[in-house]
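Not measured: the values here are computed from a predicted model.
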2 protein chains.
Amino acid sequence: MSTTEGRLTSDDRREQILAAATVVFGDKGYAGGTTDAIARQAGISQAYVVRMFGSKENLFLEVARRATGRLRVAFRDVIAGFTGDETNLERQVALGRAYGELVADRGILLSLLHLFGLGQDPVFGPEARECFLDVYRIVRDEAGFSATEASEFFARGMLNTILLAMGMPERRDDPRAFELMSTSMGAECETILASVEAQASLRA
Amino acid sequence: MSTTEGRLTSDDRREQILAAATVVFGDKGYAGGTTDAIARQAGISQAYVVRMFGSKENLFLEVARRATGRLRVAFRDVIAGFTGDETNLERQVALGRAYGELVADRGILLSLLHLFGLGQDPVFGPEARECFLDVYRIVRDEAGFSATEASEFFARGMLNTILLAMGMPERRDDPRAFELMSTSMGAECETILASVEAQASLRA
DNA sequence: AAGCGTAGTAATCAATTGATTACTCACTCC
DNA sequence: GGAGTGAGTAATCAATTGATTACTACGCTT
């Protein structure tokens with residue numbers, strides 16, 4: 001996939017590399033994801049990956065920023081559609097659905113999770129905290145959630161992300177695993193599981 | 001620290017290496033945590049770390065298993081103290097406190113978080129899922145929580161763990177950051193923040 | 001057709017890192 | 001007092017990996 005195309009414009013290639021890096025970093029984490037694996041996934045040489053972004057560190061930073069950017073856009077889109085007479089629960093469900101749709105883009109949420117795990121790092125730590133607070137401010141201020149509602153929303157989101165990162169859908173036969181997933185993901189559960197399965201099937 | 005001691009028994013040294021590895025893996029993740037960093041933290045040679053556990057992979061597995069072991073013991077201890085006439089909320093708070101106390105052992109929760117991020121790995125993935133489900137079964141079956149209660153409990157736990165991993169306490173001056181932490185961590189908040197601060201201050 | 005900028009690579013480097021091997025040192029038990 | 005055993009290390013290896021450099025190929029403009 002993703003290959004057999006000839007030369008691309010710099011911008012197109014850049015986007016392609018970012019997409020590939022999002023997948024690889026999502027699976028293996030920052031240290032575990034090699035520039036070579038990213039290059040192979042994008043169908044180009046390792047040297048070009050490094051040259052286009054200057055360094056692996058820089059590439060990961062852009063991946064993370066692009067991921068939070070997607071999150072912010074998705075949330076703001078939903079919030080813009082609020083009429084003002086929804087219940088809080090309805091608003092939580094609407095935002096949750098937007099979150100669930102991001103799962104379709106494999107790696108976005110997982111790369112963010114890995115970023116969050118690097119809070120001790122002098123470069124990634126501050127970035128992680130700022131990214132997270134950025135999104136929190138949107139949900140808290142722009143969506144008009146209370147502190148409790150926002151905290152519950154993020155808590156559920158984190159659990160869902162981790163279940164996904166763990167590959168828990170692979171164990172949907174286990175009654176406890178299935179129960180946990182359907183309880184935590186709610187109405188989105190089937191959509192998410194289908195999305196994950198689609199991604200898994202088209203992997204080598 | 002941790003050094004200036006002479007030769008230890010194999011078992012003592014083993015525990016010491018596991019403790020060091022828990023800290024290092026917690027900070028840097030599996031791929032990012034080197035056996036050399038672990039050896040330095042434990043005050044011994046890198047060769048000995050590898051020889052004692054056979055491989056880095058094996059060492060990380062033992063770190064993860066020890067971590068979930070601690071979790072299980074902590075939860076079961078609390079559950080054993082249940083009289084049967086607590087409210088569900090009281091039980092959630094009691095389990096939450098046990099969870100909060102594990103924060104004092106730097107790295108335990110963070111290493112687990114990194115394990116969960118490796119769900120795609122053929123070795124760590126199955127281990128991660130089993131570890132998680134193991135703990136879930138305890139909370140669900142032994143503590144007598146409903147699916148909803150258990151899911152809420154784990155959701156909050158995951159958010160707290162991620163806030164911790166991110167180093168969010170460093171931003172407690174930010175009103176939004178402080179609000180999120182105190183809302184999510186509840187009564188434990190001050191205990192946890194103090195514990196984190198203590199650990200930060202005794203770091204180089 | 002000559003020149004030039006842009007996309008992209010092959011080859012290579014230096015550093016890191018997990019692992020292995022052969023060795024030393026201290027203790028203990030005949 | 002020497003043989004054996006367990007704790008621990010120094011030296012070294014082979015593989016990986018991020019980065020650099022010099023190069024090629026293609027398309028566009030004049």
request  = Tell me which of B:Asp11 and A:Asp36 sits closer to the 5' end of DNA chain D, going by the nucleotide each one is nearest to.
outcome  =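 So the residue in question is B:Asp11.
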So, does [X] use its side chain to make a donor-acceptor pair with the main chain of [Y] at under 3.5 Å?
X        : Y        : value
B:Ser111 : B:Thr22  : yes
A:Arg91  : A:Ala143 : yes
B:Gln46  : B:Thr35  : no

task = Kindly state each residue pair satisfying salt bridge (charged side-chain N to carboxylate O under 4.0 Å, His left out) with at least one member in residues 113-127 of chain B, sequence neighbours excluded.
result =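 Output for this query lists B:Arg65-B:Glu127.
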Between [N] ([atom2]) and [X] ([atom1]): distance, integer Å:
X       : N      : atom1 : atom2 : result
A:Phe53 : D:dT20 : CZ    : C1'   : 18 Å
B:Phe60 : C:dG18 : CZ    : C1'   : 16 Å
B:Met52 : C:dT20 : CE    : C1'   : 17 Å
A:Arg7  : C:dA7  : CZ    : P     : 8 Å
A:Asp12 : C:dG8  : CG    : C1'   : 15 Å
B:Ile38 : C:dT17 : CD1   : P     : 11 Å
A:Asn58 : D:dG18 : CG    : P     : 14 Å
B:Lys56 : D:dT16 : NZ    : P     : 14 Å

request  = Verify the contact: side-chain N or O of A:Arg13 to OP1 or OP2 of C:dG8, cut-off strictly under 4.0 Å; return yes or no.
outcome  =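 A:Arg13 to C:dG8 OP1/OP2: side-chain N or O found under 4.0 Å.
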ask   = So does B:Thr35 get a side-chain nitrogen or oxygen closer than 4.0 Å to the phosphate oxygens (OP1/OP2) of C:dG18?
value =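 Yes.
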query = Is B:Arg176 salt-bridged to A:Asp141, cutoff N-O under 4.0 Å?
reply =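 Salt bridge present between B:Arg176 and A:Asp141.
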Between [options], spot the one nearest the side chain of [X], thanks.
X       : options               : answer
A:Arg51 : D:dG8, C:dA19, D:dT21 : D:dT21
A:Val50 : C:dA19, D:dA7, D:dG18 : D:dG18
B:Tyr48 : C:dT9, C:dT17, D:dA7  : D:dA7

Mutual orientation of the aromatic rings belonging to A:Tyr99 and A:Phe153 [parallel < 30°, tilted 30-60°, perpendicular > 60°] =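 Aromatic pair A:Tyr99/A:Phe153 classed perpendicular.
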query = What is the ring orientation for B:Phe60 with B:Tyr30, classed by angle as parallel under 30°, tilted 30 to 60°, or perpendicular over 60°?
reply =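 B:Phe60 vs B:Tyr30 ring planes: tilted.
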ask   = Could you write nucleotides 10-15 of chain D as a row of B, S and -, 5' to 3', where a protein heavy atom under 4.0 Å of any base atom gives B, of only sugar-phosphate atoms gives S, and otherwise -?
value = B-----
